[in-house]
Amino acid sequence: MRAGLIQRLIITRVSVLIGDGIPLFGTLPRDIQLRHVATQHYPSGLVKTEYHVVV
């Protein structure tokens, strides 16, 4: 993300809250604009979301 080499993100979430965690991307030098493409949910509770990075 920091180098600007990512064009598409697919993030899958599990519906479990954890107390502490590691940031997904760490600190970034600026905000990254994303365009939502699609979201799918599954009976198991997983949610998959796809984004395109706006350049």
Side-chain angles (χ1 to χ4, degrees):
M1 292 296 287
R2 191 172 279 122
L5 301 175
I6 304 293
Q7 297 174 354
R8 182 176 128 193
L9 295 173
I10 297 177
I11 299 173
T12 302
R13 298 177 304 278
V14 179
S15 58
V16 174
L17 293 176
I18 54 176
D20 287 318
I22 299 170
L24 194 57
F25 301 105
T27 58
L28 296 171
R30 60 182 174 76
D31 290 345
I32 306 293
Q33 296 294 316
L34 303 176
R35 181 175 55 84
H36 177 256
V37 175
T39 297
Q40 287 182 281
H41 63 88
Y42 299 90
S44 65
L46 293 175
V47 178
K48 180 177 83 171
T49 305
E50 180 178 351
Y51 300 95
H52 282 195
V53 176
V54 177
V55 289

Hydrophobic clusters here meaning ILVMFWY residues chained together by side-chain heavy-atom distances under 4.5 Å, can you tell me if Leu9 and Val37 are in one? no

Applying a strict under-4.5 Å side-chain criterion to I, L, V, M, F, W and Y, I'd like to know whether Val47 and Val16 cluster together. no

Does Thr39 form a side chain to side chain contact (heavy atoms under 4.5 Å, CB included) with Glu50? I'd like the steps, not just the answer. CA-CA 6 Å; Thr39 297; Glu50 180 178 351; over 6 Å; no

Compare every heavy atom of Ile32 with every heavy atom of Met1, then report the nearest pair and how far apart it is. CE-CG2, 3.6 Å

Taking the side chain as everything from C-beta on, heavy atoms only, tell me whether Lys48 gets closer than 4.5 Å to Ile10. yes

Using a 4.5 Å cut-off on heavy atoms from C-beta on, say whether the side chain of Leu34 contacts that of Val54. no

Heavy-atom pair of closest approach, residues Leu24 and Ile11: CD2-CD1, 3.9 Å

Got a second to check how far Arg2's CZ is from Thr27's OG1, nearest 0.5 Å? 5.0 Å

Shortest non-hydrogen pair, Ser15 vs Gly45, comes out as OG-O, 4.0 Å

Reported CZ-to-CD1 distance for the pair Phe25 and Ile6, which is rounded to 0.5 angstrom: 7.5 Å

Candidate pair His41 and Leu46, rule side chain to side chain contact (heavy atoms under 4.5 Å, CB included), full reasoning: CA-CA 6 Å; His41 63 88; Leu46 293 175; over 6 Å; no

For the student: nearest non-hydrogen atoms of Arg8 and Val53, plus distance: N-CG2, 4.5 Å

